[in-house]
Structures are given as C-alpha cells and as structure tokens.
Amino acid sequence: MEDASLTNPAKREIIRVENLALGYGDRVILEDLNFGVHEGEIITILGGSGSGKSTLLKGLIGLLPPVEGKIFISGNEVSAPDSAGSEHSKRKIGVLFQSGALLGSYTLGENVALPLQEFDRLPQDLIDEIVRFKLELVRLGDAIDYLPAELSGGMRKRAGLARAMALDPEILFCDEPSAGLDPVTAAEMDQLLLELNRNMGITIVVITHELASIETISHRCIMVDGKDRKIIAIGSPEQLKSQSKDPRVQAFFRRQAL
Amino acid sequence: MRNSLLIEQPQGPEGDTVVVFRDFLGYETINAVWRDLTRLLKEQPPKKLILDFRNTNNLDSSGIALLRFVHRHCEEHQIAVHYQSVPPAVEHFIRYITPVPPRQLAQESRPFFADPISLLGKSSSDKIADTYELIHFLGTFVASCFRSLRRIHRFRWKETFYYAQLAGSDAMPIVFLLTFLIGLVMAFQAAVQLRQFGANIFVADLVSLVVTRELGPVFTAVILAGRSGSAFAAEIGTMRINEEVDALAVMGIEVIDFLVLPKVFALALVGPLLTLFADASSILGGILVGVLSLDLTVGSFLDEMYQVLTLGDVFSGVFKGFVFSVLVAIIGCLRGLQTDKGADSVGRQTTSAVVSGIFLIIFADAIFTVLFYVFDW
C-alpha cells in the first residue's frame, strides 16, 4: 500500500520507509512497505498477534537489518550496514521496550544515567540533575534509588520511558507500552505519551493492539497483516473505522473474529 | 454383563449396522463402550455404520476421543459413518470428531529417528558455524579491547572488580578444598609406589611439578568454568530475554564493551592468582601426606621441592591459568549472547558454556603441552 503522506510536502518527514522488506534468514515477514512519519505525529502500528509489528519495530530501530529497501531518519539512511547515519540516528531515537528492559543490577537513577554517560562527557552533578528531571517527568522522582525488581510493571515501564527520553530524542519508539497493565495504569501511560508529544514535540511510534490506546493517542495508524505480509491500511483511527472496507480492519476495530 | 451398545442390523449382516449408545458417553462409561464398539468393528465390520445418539444427551472428551477413533478407523477400512438422532448438545461437538488429516500431521511432525547421514551433516554444519561464530566473537573482542584502550577513562572498573570478587575471592574456599584434596590424593597414590623403593622424598618432586605445570591451572579453570562461565552465560542470557541487550544496542552502547570486557578482565585478573593459590593448596595436601605417612619433615619436603621446581614451571602454570580463564570468560559471554527467546534457551546455553569451557581448557592445555615439549620450556 502506498502512503499518501509520502507526497505531502506540508510537514517534514522524520521517518521515511521505502520498499522495505524484513525477515529472519530466508523467511520474509513483511515486504513492500512504504510509509512516512511526520514530525510531531503519534503513529501506531497495529496488527494481530504474529502480524509482524515487532519485526517492523526492530527494523525501524536498527536491530534487524532489512532484507530489502531503505529506512531514512531525518533524511539520513540508517538501513545500510555500518552507515554513518545509523550511528548518528542513535542519538535521535529512544526506545521503550515492552518489559521496560531496565538493567536489573542498576538502580533507576543509574539506568537513566547510562545513555548520558555513554554519549556525553557531562559533569556528574549535571547528569544527576537530568536523571532527577527525567524521573520526575514520568512521576518516579522519589524512586531514584530503587532497583527495577522493587517496582511494579507500570513503574518499570515508566522508568524505561525516562531512560528512553534521557537524550531528548526526536523520535520515541514504544513497544506495547500498555500491555499487561491495568486499565487505569494503561490510561496513565497513554496520558504520559500524549504529554510528551504535546509539550516536547516528540514524534512517537507506538506498537500496540490495545484499541483504547489507539483511539486515545493515535494521529494515524498503520495496520500490517501477517498473512499478506504487507501494510493493509493507513489512516486515522476514525478513517480506518468508518471508511475501510477491508474486513480485517473492520474485524480489528470491532473486536470481531474473522 | 450388560452390553453398553444396542446393536440393530435392520438389513442383515451385509447391510447397515445401527449402533445405539445406551448412556451418556463419558469417563464413567467409556471403557465398556470402547470394548464393545472396537469388538464390533473388528469381528463384524459393517459396510455402513450408523451411530445413534437417541439415549445420549451429552458427551465429554473421552466420548469425543472414542468418536474420533471410530471415524478414523472407518475411514481407513472404507466404512461409511453416519450419525442420527444427534441432540443439540452433542451436535456442538461433532466438528471436533474429524481429526486433522494424517498427511498434515506428518508434515508438521519430525521423524523420531533422523537419518544418521543427515544428522552427521547437520551436526558438522552446526559445529562449523559455531567455530566461525567463536572466531568472529574473538575478533570483535580484540577490537573492543583496542577501543577500550583509547577510552580507558570509560572502562567499567567498578564492574570489573565486582566480578573479580565474585569469581576470585568468593571461589577461594572451593578452590582450596578441591586442590588440597587433589594434592593429598596424588601424594597418597605416589607414596604407595615410592615407599617400596625407599624413594619417599620424591613425592615432593611429583606433587610440586605436576601441580604447578598441569593440575593447578586446569583444575582452577574447570572450577571457574563451573562457577563463573555458567554464571556469565546465565546473566547475559537472561538479559537477552528481558530485552536489556537490545536496549543497550539501541542506546548506542557497545554490548561487548559493556557486558563482556569487564567479565573477561576480571577472570584474566583472578585466574592466575587463583592458580597460584591452587598450587599452594595442593602442595599443602602433599606435605600433609608426606609428614603423616612417609616420615618426611616439612623442611625436607620443601627443600626437595625447591631443588626440582623452577620459576619457569610456576610461570608456565600461571600463564596457562591466565589463558584458560580468558577462554572460560569469553565462551561464557558468547553463549549468553547466543541465547534465543525462552527460559529453556538460558539453561541450554549455560550448560553449553560449561561444556565448551572445559573442552577449550583441555584443548588449549594439549596445545601448550606440545609447545612446551617442542621448545623445551
């Protein structure tokens, strides 16, 4: 499916994907992917279990080299192996993994400080202050000395978000941020992402299949299908719900079995 | 015994056979029904079997399993099966009665006994791939060492000393106990023979030489493989499963620099020291046997040892200990990074870290032995 935003000159495209195919070894999971993500947009990648959402995320964040095609972040190609753009783009992106992926032997403060220590030779006092600020941003200011194991699932995800935000990325990728959370905590997570988007202008790409989250936070959705190995729909949640004639899209939004 | 089935044959033995189940088809009644129905199919196989459910208002999993068996048996023997008077509750289950076609199952299942030639080929190909991966990892590790030299201020000394403590000082009791007993056993075995020739004093030569050149470094490294190599594999493997390794990669942090170097440096540091400690412990075991059962004195044992033992013997053992420890740490970290999804993978890689570690220790020791012999070291 061709994304209309590829030809929309009004907004700057911060991510552009051209003819992308992703897979593991000889097995291609997704192919012929073409879409763009605009600056300041919240875009959700949808699909059923096993549809290739996480594979697409791995491709976008550089953990899975493409079988074919190109990925551009802020105009730099990041898909070519060992490309200069790939290293450069690491400062531009932050990733919130599904489990939070905090280092278990480090406190929350040390976890958030990690990327700061790696990229910048900043004074330790300044790093400490940035860490406190980021943790307060996700409402974990008083948990700076806690180990991840001492926190609930929701708190671990928020701490993961603080670490992903440590270097003020332009793009934040989130892998199922509300999965496994109770409805209230999931709604809080959605609000947090909305705040980051509105207040700090961060572009957010979210992998999810939680309908409530999709409707609350998405500006646009990209739906992928594992059987077709392609994008089957792109548009706002309202557009997909009311205008798409694809039974898979309708079944997804109406929570019906196919 | 009452027959569990009512068998009606309205068209004679050559025609249709109607089987009426008398009861609910469930775990309580299934044995009798199974016995009667299989006997019927075996002894009087009909051309057409009609299963009548007029007295059966429901069935459970055992009933479904029975009907699946009958369905498959009849299909194999060209017997047509029909159902009649099926109540709604039973009709609901009819769709489970047709089993997945055997052809599909055969495609999905793997043969129990694989072709030995294919097995050998696959095993060889896996070993070659594994060796390639080890060599690639060693190359990456060496590159990482040079990179760390350039950025020495960022080296993770805190973690290095943490792992040095875990692998070194915490391992001292077990290293002492095992190597002390090895020295003791070796001295005892030697004493039995040497006493016959009045050559008791040569126990000191045997124990000190064998321990410092061979057994000290090998046993220390085997203990390190069991304690630390496995721990490194399990730690990194769990981090992979929890996506922590992916998180480091996307943050632009070099995984080898962050996770592997501190562990390898820690073992490189403590391996030679533990080897010296193991040498001393074993010799202590030898002295104990010499004093208690061979009428030697501590002084005579040590005098004999000083005469036969050179610094070269000690350093060759220490050098071996250094190399073995580095190998154990590297293979432990590599196995951790090779972990796939799933807790069982952590277990497999942890086991593999120990087995591969011990294999590499013995293999390297064999190379050292040949080299030392050729160059007369």
### Task
Provide the closest heavy-atom pair for Leu30(A) versus Asp225(A) in the form atom of the first, atom of the second, distance.
CD2-O, 4.4 Å
#### Entry: Inter-chain contacts: residues 136-153 of chain B against chain A, heavy atoms under 4.5 Å
Arg151(B), His153(B)
### Query
Do the rings of Tyr163(B) and Phe232(B) sit parallel, tilted or perpendicular, given the 30° and 60° boundaries?
perpendicular
### Query
Does a sphere of radius 6.0 Å around CD in Gln98(A) hold more than 12 heavy atoms from other residues, nucleotides or ligands, not counting ones at 6.0 Å or beyond?
yes
### Query
Looking only at atom types and distance, does a side-chain atom of Arg156(A) sit under 3.5 Å from a main-chain N or O of Leu151(A), one as donor and one as acceptor?
yes
### Task
Any chance you could lay out the salt bridge (charged side-chain N to carboxylate O under 4.0 Å, His left out) test for Asp168(A) and Lys134(A), step after step, and finish with the verdict?
CA-CA 10 Å; Asp168(A) 291 340; Lys134(A) 297 292 175 186; 2.5 Å; yes
### Query
Side chain, backbone, both or neither: which part of Leu63(A) has an atom under 4.5 Å from a heavy atom of chain B?
side chain
### Message
With a 4.5 angstrom heavy-atom cut-off, is it the side chain or the backbone of Leu102(A) that approaches chain B, or both, or neither?
### Response
backbone
### Query
Got a second to check how far Glu13(A)'s CD is from Ser74(A)'s OG, nearest 0.5 Å?
11.0 Å
### Validation row, ring centre Phe155(B) to ring centre Phe265(B) under 6.0 Å
yes
### Query
So which of Glu235(B), Met239(B), Glu244(B) has the largest heavy-atom pair count under 4.5 angstrom toward chain A?
Glu244(B)
